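As the structure is a computational prediction, the values presented were derived from the model and not from experiment. Throughout, numbering of the chain's residues begins at 1 and tracks the sequence.
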Amino acid sequence: SDVCSSDLIQLMLNRVVTEPGYYLAGVGGYIYFSALHDTCLRQRQPCEADLFQQIVDSGPVPFAMLDQRLRSTGLIPAQ
């Protein structure tokens, strides 16, 4: 299936209009995890497996709590 099909684009646009918070949460999560990944890569190579495993092990937690847990493991630097 075509990832950028017009039907998929229309579904996404409808979701943004009808539930903007849902879309915003998804974009926010993407930006947060992308930044975590970039930080991890700058600190040591390779770290993807460790980072992803810590995220999975943490379960569904607020970003602030996840950030604190990742900093305590040393995967991302303390502030």
Side-chain angles (χ1 to χ4, degrees):
S1 75
D2 186 11
V3 175
C4 292
S5 73
S6 61
D7 291 337
L8 179 59
I9 292 169
Q10 188 61 47
L11 286 172
M12 291 175 68
L13 288 174
N14 288 342
R15 192 70 178 263
V16 169
V17 170
T18 60
E19 300 178 63
Y22 178 84
Y23 179 76
L24 183 59
V27 170
Y30 174 79
I31 291 169
Y32 177 78
F33 288 117
S34 292
L36 278 180
H37 183 251
D38 292 346
T39 299
C40 184
L41 289 177
R42 282 194 302 271
Q43 297 303 310
R44 61 189 193 117
Q45 296 282 342
C47 65
E48 288 95 348
D50 294 337
L51 175 66
F52 296 149
Q53 189 60 53
Q54 285 292 325
I55 291 168
V56 169
D57 290 346
S58 293
V61 297
F63 290 142
M65 187 179 288
L66 177 61
D67 191 71
Q68 183 180 24
R69 289 181 183 176
L70 293 173
R71 289 181 193 287
S72 72
T73 65
L75 283 173
I76 57 174
Q79 289 182 337

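Among residues at least two apart or in separate chains, ring-ring contact (aromatic ring centres under 6.0 Å, His included) pairs with a member in residues 15-34 are Y32-F63, F33-F63.
Between the side chains of D50 and Q54, no donor N or O sits under 3.5 Å from an acceptor N or O.
Summarising the geometry, atom CZ belonging to R15 is positioned 10.5 Å from atom CE belonging to M12; distances are rounded to the nearest 0.5 Å. Between Q10 atom CD and N14 atom CG the span is 4.5 Å, to the nearest 0.5 Å.
No chain of hydrophobic side-chain contacts below 4.5 Å, direct or via other Ile, Leu, Val, Met, Phe, Trp or Tyr residues, connects V17 to L11. Residues L70 and V61 fall within the same hydrophobic cluster, defined by Ile, Leu, Val, Met, Phe, Trp and Tyr side chains chained together at heavy-atom separations under 4.5 Å.
Taking 4.5 Å as the limit, every side-chain heavy atom of T73 sits out of range of all side-chain heavy atoms of R69.
At distances below 3.5 Å, not a single donor-acceptor pair connects side-chain atoms of S34 with backbone N or O atoms of I31.
More than 12 heavy atoms of other residues, nucleotides or ligands shown are found within 6.0 angstrom of CD on E19.
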